[in-house]
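Remarks on the structure that follows.
Only this structure's heavy atoms are used, side chains among them; waters, hydrogens and symmetry mates stay out.
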Amino acid sequence: MNTSKVLIVGAGPCGLMTAVELARRGIPVTVVDAAEEAATGSRAVLLWPYSLELFDGLGLRAEADKRGLPVQALCYHTAPGTVLRLPLDAHHAPLVLPQEETVDLLEQELRRLGGTVERGLRVTAVSAGGNTVTATARRADGEEVTFRADWLIGADGSRSTVRQCLGIAFAGAQVPTSFLVAEGPLAGEFEPDAVNYYLGRAGVMLIAPLPGGRARISGALDDPAAPVTPESAQRMLDERGPGGLRFTEVGLAASYASSERIATRFRSGRCFLVGDAAHVHTPTGGQGLNLGFADVRNLVWKLAGVIDGRYDAAILDSYDTERRAAAEQTVAATGKMTRRAVLGPVALLVRNALMSLAHRTGALAKQLVPMLAGWQVRYPDALGLAGPGTPKGLPQPGTRSPAWPLDPDPAGRFQLVGMGPDGGTMSRRGAELAERLPTVLKHRHRVTAGSGFVLLRPDGYVAAAGPEADLGHLTAALKKILTTSHLER
């Protein structure tokens, strides 16, 4: 019998990120994976800012930047010689980092923290009872190994055994469109620090830069049954690209289908689903891994807080509510973008004309870029911390805003940002509340003419915002999610 505080099934990026985030908080974890070795290949490559904040918090951002490639712009080529270029600032720019590098980086950090991945163990059964979860895994030679943990996290992909063992449905359907993906060095002129979308009459195609002088192309296949070869990849590049580009070598040429599915529950007692085990969608916009990392970020601070006795266990119910809402928003957005990518000739011309108009007015950058960067995902008030109303000019509960960033805080506490005159009542009351709840609340103050507050969650989302008069309501609501032992220590 192998015992641990948390058992994580799946050693892909989401499983490893979960393990590292828990291990750095001093929580013992066990990670098991069916594969004998870590998967290779670029696979999910775009890390948007919300994911990169995780690497910042782990002290891994510099190494990620070293291995990856920054993206400076999104370019939409609507006609020969016509480019709608959307520059990306630090709040919106992604990093291109091949998935094999992400996995290697996280596994190295897990080892540094004293953790390991037990490979070659395929989970075959999961049962929960009382305060423990038991999982049975089998090696290739048939040997069975039993694991017991207080909590279990299924990060074992779209065909999740954990999800199936828990009897959780994976609602949705396969997308009728199949896609080509090819990678290799490209000879010819294209913007190497931008993600380029070619929206021509022959069809939509993406060209994204990869580290090491390589590039990825991808586009919907006209004939899903036709074999994908280096020659067919070059043909798509010739027909849909700008012309003059040529693969000097093709390291990958394949086709793939995708689905739009969301698990009907992300939590079952002491078991949770993250990443592709919880949701899948089309690859448009490079949202998949980022949606999974956001699952991890949402779950870890809550689970760690329950394990160390700060938060009441009821807080874990909010994971399912919030992350299914996020998945539904993302699946709807990526599905809409995918359908627009396979329009007929007439509709395509209309779409391109509307995009050009939106670009001239600034609406394209204002709407599209924040959506891709993850700033528009909203949570319902599942924690019950929002007040009766939010004054104009303050961020809405359930949103994120680059104007209200978290301060670095190793303890991972809520952060109360007070506003008002220096030394005023808001400054005093905020400091007093943080002194009464030091293990869960950090206070800082902004000197402003008006008075009010914004409460930021440990994952950066706005929990509440309001005038100073609402501080009493906030205090009472915040205490409801805390354990008795952490009230006014």
Please test I481 against F414 for side chain to side chain contact (heavy atoms under 4.5 Å, CB included), starting from the C-alpha separation and ending with a verdict. CA-CA 12 Å; I481 68 172; F414 281 84; 3.9 Å; yes

Item to complete: For C14 and F293, run side chain to side chain contact (heavy atoms under 4.5 Å, CB included): C-alpha distance rounded to whole Å, both residues' side-chain angles, the deciding distance at 0.1 Å, then the answer.
Response: CA-CA 6 Å; C14 292; F293 276 167; 4.2 Å; yes

Audit row: D156, R163, side chain to side chain contact (heavy atoms under 4.5 Å, CB included) steps and yes/no:
CA-CA 9 Å; D156 50 340; R163 187 186 64 239; 5.9 Å; no

Look at atom [atom1] of [X] and say whether more than 12 heavy atoms of other residues, nucleotides or ligands are closer to it than 6.0 Å.
| X | atom1 | value |
| --- | --- | --- |
| R246 | CZ | no |
| R67 | CZ | yes |
| R444 | CZ | yes |

Taking the side chain from [X] and the backbone from [Y], do they hold a donor-acceptor pair closer than 3.5 Å?
| X | Y | value |
| --- | --- | --- |
| D33 | V31 | no |
| H445 | D422 | no |
| D89 | H92 | yes |
| Q234 | F247 | yes |
| S232 | T229 | yes |

Do [X] and [Y] touch side chain to side chain, with heavy atoms closer than 4.5 Å?
| X | Y | result |
| --- | --- | --- |
| E322 | L383 | yes |
| E109 | L106 | no |
| F55 | L105 | yes |

| task | Evaluate the criterion side chain to side chain contact (heavy atoms under 4.5 Å, CB included) for residue pair I217 and L245; output intermediate values, then yes/no. | result | CA-CA 11 Å; I217 74 164; L245 292 178; over 6 Å; no

Quick check for you: to the nearest 0.5 Å, what is the distance between L406 atom CG and R400 atom CZ?
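Those atoms lie 8.0 Å apart.
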
About how many Å separate CG of N298 and OH of Y379, when rounded to the nearest 0.5 Å?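 Going from OH on Y379 over to CG on N298, the span is 4.0 Å.
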
*Please step through side chain to side chain donor-acceptor pair (under 3.5 Å) for the pair R378 and Y461, ending with a clear verdict.*
CA-CA 9 Å; R378 300 192 62 160; Y461 273 83; over 6 Å; no

| message | As a quick check of understanding, evaluate side chain to side chain donor-acceptor pair (under 3.5 Å) for S178 and S255, giving each step before the final call. | response | CA-CA 7 Å; S178 294; S255 64; over 6 Å; no

Quick one: sort the F179 and Y256 rings into parallel, tilted or perpendicular, breaks at 30° and 60°.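 Parallel: the ring planes of F179 and Y256 meet at under 30°.
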
Test salt bridge (Lys or Arg N to Asp or Glu O under 4.0 Å) applied to R119 and E107, E36, E37, the passing residue: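 The passing option is E107.
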
Table please: side-chain donor-acceptor pairs of residues 197-207 below 3.5 Å, with sequence neighbours left out.
none

- Query: Would you call D459 and R297 a salt bridge, using N to O less than 4.0 angstrom?
  - Reply: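 Looking at R297 together with D459, the answer is no, because their closest N to O distance does not fall below 4.0 Å.
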
Taking NZ, NE, NH1 and NH2 as the nitrogens, is one of them in R235 or E231 under 4.0 Å from a carboxylate oxygen of the other?
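No, no charged N to carboxylate O under 4.0 Å.
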
Decide whether a cation-pi geometry holds between R446 and W404; the criteria are a distance under 6.0 Å from NZ or CZ to the six-membered ring centre and an angle within 45° of the ring axis.
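Positive - R446 is close enough to the ring of W404 and near enough to its axis.
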
- Task: Check whether the side chains of Q415 and D409 place a donor and an acceptor atom closer than 3.5 Å, and report yes or no.
- Result: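 Distance-only check fails for Q415 and D409.
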
**Message:** For P395 versus V454, what's the shortest heavy-atom pair and its separation?
**Reply:**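 So the minimum-distance heavy-atom pair works out to CD-CG2, 3.9 Å.
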
